[in-house]
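Below: one structure, written as structure tokens.
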Amino acid sequence: MIRVVIKDNSVTNGHPMKQICSMTCTSSRRIGNPIRQEWFTINWKTHLAVPPGAYQVSVSIVDVRTGNQLAGQTEAGDFCVVIPVGEVDIPQPETVVSAARVQIPQTADQTWLDGSLQLLGTGVIQAEALAGSRLPLDLFWHAPHGGLLSGLTLNWRLEPVEEGESLLIGETPLSRLDSASWRAGETVNEKVRLLLPAHIRRHNLVFELQNSSWRAD
């Protein structure tokens, strides 16, 4: 089986963003000759609200029986399980995509900055996650009027279900697309992968919006 991974390695406000999209395809023929070549075409359909930017494309070979990735050789002669193959650039749409066209699994209605920033909803959030793993999150932001502040970030905290203190587990930019450049009516789908602490019990995940001079829950 061939796995294709599309990842964003850009850095925004000093924070690396790693948005990952993974697709797989399986050959219809058994590979008997180790030097035989096969060609695959995989179409990646981007979401309407995916932020513009340069995305890194890499491939790996996966043993369908065990799920293990097999080592491959790069053009430089190095052996690795994930081989980079190129880069694809996604431009900003010429016109603003209407929020009504974006499919949002779980809707929300929360605003900040006097209504200038709205959280339309999220992806399906896992009810449970393993300690020490990365928790994937989809956030759907909307700027009804545009002209947001630059450098907006999110602080992510875990609040204990029972008594105890909250735990700060990370800080991420609001978006890789600088919020100051968002146009009126802009909708942005951001993907976040939060590293959970290795030793935690039951907690609720919350975030707060901030910049260098203020913060708001």
Side-chain angles (χ1 to χ4, degrees), residues 1-25 42-60 62 67-69 81-82 84 87-88 90 97 99 102-110 117-142 152-161 166-177 179 186-210 217:
M1 180 174 66
I2 294 179
R3 176 181 296 149
V4 179
V5 175
I6 300 174
K7 179 168 59 174
D8 173 29
N9 284 331
S10 65
V11 176
T12 303
N13 301 331
H15 301 278
M17 296 289 288
K18 296 184 177 180
Q19 177 173 335
I20 298 177
C21 172
S22 179
M23 300 164 292
T24 60
C25 67
I42 300 178
N43 296 318
W44 177 40
K45 184 178 181 180
T46 62
H47 298 293
L48 285 174
V50 66
Y55 289 77
Q56 305 295 324
V57 182
S58 59
V59 299
S60 58
V62 180
N68 294 331
Q69 292 179 308
V81 294
V82 178
E87 182 177 282
V88 59
I90 298 179
V97 177
V102 181
Q103 295 182 353
I104 303 176
Q106 297 183 147
T107 58
D109 186 15
Q110 189 167 356
L117 176 65
Q118 181 181 5
L119 179 64
L120 295 178
T122 68
V124 178
I125 301 176
Q126 300 174 202
E128 298 180 354
L130 293 175
S133 66
R134 288 193 178 273
L135 178 66
L137 298 170
D138 269 277
L139 303 174
F140 295 86
W141 298 104
H142 183 63
L152 295 176
T153 59
L154 300 176
N155 273 354
W156 295 91
R157 292 182 288 113
L158 291 174
E159 298 282 359
V161 174
S166 64
L167 178 64
L168 179 66
I169 62 171
E171 178 184 336
T172 63
L174 177 69
S175 172
R176 279 163 290 122
L177 177 60
S179 48
E186 195 89 66
T187 301
V188 177
N189 173 205
E190 278 296 344
K191 293 180 180 290
V192 181
R193 290 170 58 86
L194 293 174
L195 179 61
L196 301 177
H199 304 289
I200 57 170
R201 294 186 177 180
R202 294 182 61 196
H203 283 71
N204 293 321
L205 180 66
V206 297
F207 69 83
E208 57 188 9
L209 179 72
Q210 70 170 7
D217 291 330

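Just so you know, these numbers use all the heavy atoms, side chains as well, and skip hydrogens, waters and symmetry mates.
A distance of 10.0 Å separates OG1 in T187 from CZ in F140, rounded to the nearest 0.5 Å. If you take CG on L158 and CD1 on I169, they are separated by 4.0 Å, rounding to the nearest 0.5 Å. Interatomic distance, CG of D138 versus CG of N189, reported as 5.0 Å (0.5 Å rounding). Considering CG of L139 and CD1 of I125, their distance stands at 7.5 Å, rounded to 0.5 Å. Interatomic distance, CG of L194 versus CG of L154, reported as 9.5 Å (0.5 Å rounding).
Ring geometry for F207 versus W141: interplanar angle over 60°, hence perpendicular rather than tilted (30 to 60°).
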Could you walk me through whether T122 and L137 pass the side chain to side chain contact (heavy atoms under 4.5 Å, CB included) test, one step at a time?
-> CA-CA 7 Å; T122 68; L137 298 170; over 6 Å; no
Worked verdict on T172 versus T153 for side chain to side chain contact (heavy atoms under 4.5 Å, CB included) = CA-CA 6 Å; T172 63; T153 59; over 6 Å; no
Go through the steps to decide whether L120 and V102 satisfy the test side chain to side chain contact (heavy atoms under 4.5 Å, CB included), and finish with yes or no.
-> CA-CA 10 Å; L120 295 178; V102 181; over 6 Å; no
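No donor-acceptor distance shorter than 3.5 angstrom exists from the side chain of E190 to the backbone of L174, with no hydrogens or angles considered. Not a single donor-acceptor pair under 3.5 Å links the side chain of H142 to the backbone N or O of L117.
Using a 4.5 Å cut-off on side-chain heavy atoms (C-beta onward), V206 and S166 make no contact.
Atom CG of L168 is surrounded by more than 12 heavy atoms from other residues, nucleotides or ligands within 6.0 Å.
The minimum heavy-atom distance linking P105 with G123 is given by the pair CG-CA, 3.9 Å. Between G132 and L195, the shortest heavy-atom distance links the atoms O-CD1, 3.7 Å.
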